[in-house]
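To start, the structure under review is shown below, and the notes come after it.
Keep in mind that what you see is a predicted model, and the values were worked out from it rather than measured. Hydrogens, waters and symmetry mates are skipped; everything else that's a heavy atom, side chains included, is used. Throughout, residue positions are numbered sequentially from 1 according to the sequence presented.
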Amino acid sequence: MTEGHVDALFTVAYLPQGTCDPKGHAAAKAQALESLDTMRKQIDAHPALVGQAVRFSEAQQLKREGRKALFLGLENGYALGRDLAALEEFRNKGVVYVTLCHNGDNAIGDSALGTATHGGLSPFGRQVVRRMNRLGMVIDLSHAASDTFYDVLEESRHPVICSHSSARALCDHPRNLTNEQLRALAAKGGVVQVCLYGGFLAAGREATLADAVAHIEHIVRIAGIHSVGIGSDFDGGGGIRGCRGPMNRSTSR
């Protein structure tokens with residue numbers, strides 16, 4: 001983070017999608033809590049270098065102190081099972097956003113790579129959206145199916161994000177957003193962060209940095225400059241030639 005001049009990072013407890021039954025849900029929650037505790041131990045072990053933040057003002061204060069800020073997230077609401085109270089438990093751990101699903105449908109709703117179990121958000125998923133709004137947790141719709149995406153926009157009282165998605169008009173992948181989705185997200189004050197994962201940037205060839213820029217420029221044209229960011233996904237398979245981390249050692253000299 002120091003070499004790359006990065007002031008703050010979002011680190012997430014990631015969960016692959018498993019079975020939607022009590023055993024699977026219990027295991028997923030335990031794994032998520034263990035991951036969050038491990039991250040917290042790393043923060044506590046290096047207080048002179050880093051601190052945990054749950055709001056932007058705290059990240060600003062840490063920067064003034066010469067320390068880095070880490071925000072915590074949860075990638076895959078599968079860890080909630082069907083228990084709304086689990087949201088408060090994760091919020092108390094400092095989780096600031098939740099990616100509602102991953103590569104598979106869960107109890108909350110359908111995934112872009114799922115089998116349309118619910119036809120969008122489930123009734124429980126609607127409760128999750130409302131509870132997250134009340135708790136001040138950001139809803140992340142990367143990985144969500146189109147029906148889930150629109151159901152959340154309808155249900156949520158606050159802007160949502162797509163933390164690592166790109167433009168389907170430039171790369172026809174179900175994880176990417178159509179122009180209609182981009183406009184709908186922008187109309188609700190949301191942000192899509194272009195993912196630096198090659199498979200979401202270019203089809204049938206190696207993606208380049210120019211492809212990432214093309215996706216950014218496309219989203220600016222469709223949704224406006226305030227609705228686009230960069231969601232690298234560096235530790236989840238992201239990274240393209242010339243851009244594989246906050247600092248490329250091969251070009252840093």
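The main-chain N or O of G136 is never found under 3.5 Å from a side-chain atom of N133 such that the two would form a donor-acceptor pair. The main-chain N or O of L80 is never found under 3.5 Å from a side-chain atom of K29 such that the two would form a donor-acceptor pair. Between the S111 side chain and the H102 main chain, a donor and an acceptor come within less than 3.5 Å of each other. For the pair R175 (side chain) and S165 (backbone), a donor-acceptor distance under 3.5 Å is absent. A side-chain donor-acceptor contact under 3.5 Å links D110 to the backbone of H118. Checking side-chain atoms of H218 against main-chain N and O of N179 turns up no donor-acceptor pair under 3.5 Å. Side-chain atoms of T19 do not come within 3.5 Å of backbone N or O of D21 as any donor-acceptor pair. S156 places a side-chain N or O within donor-acceptor distance of the main-chain N or O of H158, the cut-off being under 3.5 Å. Using modelled atom types, no side-chain atom of E217 and backbone atom of A214 make a donor-acceptor pair closer than 3.5 Å. Put simply, the side chain of Q127 never gets that close to the backbone of I108: no donor and acceptor are under 3.5 Å apart.
Taken together through direct or relayed side-chain contacts under 4.5 Å among Ile, Leu, Val, Met, Phe, Trp and Tyr, I161 and V129 form parts of separate hydrophobic clusters. Hydrophobic clustering (ILVMFWY, side-chain heavy atoms < 4.5 Å, transitive): V213 and V194 are in distinct clusters. Both Y150 and L100 belong to a single network of hydrophobic side chains, linked directly or stepwise wherever heavy atoms of I, L, V, M, F, W or Y lie under 4.5 Å apart. Note on V95 and L33: same hydrophobic cluster, where clusters join Ile, Leu, Val, Met, Phe, Trp and Tyr whose side-chain heavy atoms are under 4.5 Å apart, directly or indirectly. Two different hydrophobic clusters hold F56 and F10 under the rule that ILVMFWY side chains link at heavy-atom gaps under 4.5 Å.
Taking the side chain as every heavy atom from C-beta outward, R183 and S227 never approach each other to under 4.5 Å. At a threshold of 4.5 Å between non-hydrogen side-chain atoms, the residues I240 and L209 count as touching. By the 4.5 Å heavy-atom criterion applied to side chains, D140 and V98 are not counted as neighbours. Residues I230 and L196 meet the side-chain proximity criterion, which asks for heavy atoms closer than 4.5 Å. Contact of the D7 side chain with the K63 side chain is registered, since non-hydrogen atoms from C-beta on lie closer than 4.5 Å. Considering only heavy atoms from C-beta on, H143 comes within 4.5 Å of N103 through its side chain.
Looking at E154 and R126, a side-chain N of the basic residue comes within less than 4.0 Å of a carboxylate O on the acidic one, giving a salt bridge. Taking a cutoff of 4.0 Å between a charged side-chain nitrogen and a carboxylate oxygen, R91 and E88 do not qualify as a salt bridge. Between D211 and R205 there is a salt bridge, since at least one side-chain N of the basic residue sits less than 4.0 Å from a carboxylate O of the acidic one.
Taking CZ of R130 as the start and CG of L135 as the end, the distance is 13.0 Å to the nearest 0.5 Å. Between the CG atom of L201 and the CD atom of E206 there is a distance of 11.0 Å, given to the nearest 0.5 Å. Separation of atoms OG1 (T148) and CG (L141) is listed at 8.5 Å; rounding is to 0.5 Å. H215 NE2 to C195 SG: the interatomic distance, rounded to the nearest 0.5 Å, is 10.0 Å. Atom CD of residue E89 and atom CG of residue L36 lie 10.0 Å apart, to the nearest 0.5 angstrom. Distance check: D44 CG to R40 CZ gives 4.0 Å after rounding to the nearest 0.5 Å.
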*Worked check of side chain to side chain contact (heavy atoms under 4.5 Å, CB included) between R157 and R134*: CA-CA 9 Å; R157 294 183 290 107; R134 288 199 294 273; 4.1 Å; yes

*asked:* Pair Q42, L70 - check side chain to side chain contact (heavy atoms under 4.5 Å, CB included), show working.
replied: CA-CA 10 Å; Q42 289 296 313; L70 289 183; over 6 Å; no

*Are R168 and H173 close enough, and set up right, to give a side chain to side chain contact (heavy atoms under 4.5 Å, CB included), and what steps lead you there?*
CA-CA 6 Å; R168 191 161 328 172; H173 191 287; over 6 Å; no

*Go through the steps for V160 and V138 under the test side chain to side chain contact (heavy atoms under 4.5 Å, CB included), then give the verdict.*
CA-CA 6 Å; V160 303; V138 177; 5.9 Å; no

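Taking both residues in full, the closest heavy atoms of D37 and K93 are given as OD1-NZ, 2.7 Å, listed atom of the first, atom of the second, then distance. Taking each heavy atom of D147 and G119 in turn, the nearest pair found is CB-O, 3.6 Å. When all heavy atoms of A13 and A32 are compared, the closest pair comes out as CB-O, 3.9 Å. The two residues L185 and V192 have their closest heavy-atom pair at CD2-N, 3.7 Å. Here the shortest heavy-atom pairing between S122 and A107 reads OG-O, 2.6 Å. The two residues D151 and G120 make their nearest non-hydrogen contact at OD2-CA, 3.5 Å.
In this structure, the ring of Y78 has its center less than 6.0 angstrom from the ring center of H25. Residues H164 and F200 place their aromatic rings such that the two centres sit no closer than 6.0 Å.
In this structure, a donor-acceptor pair under 3.5 Å is present between the side chains of R64 and Q61.
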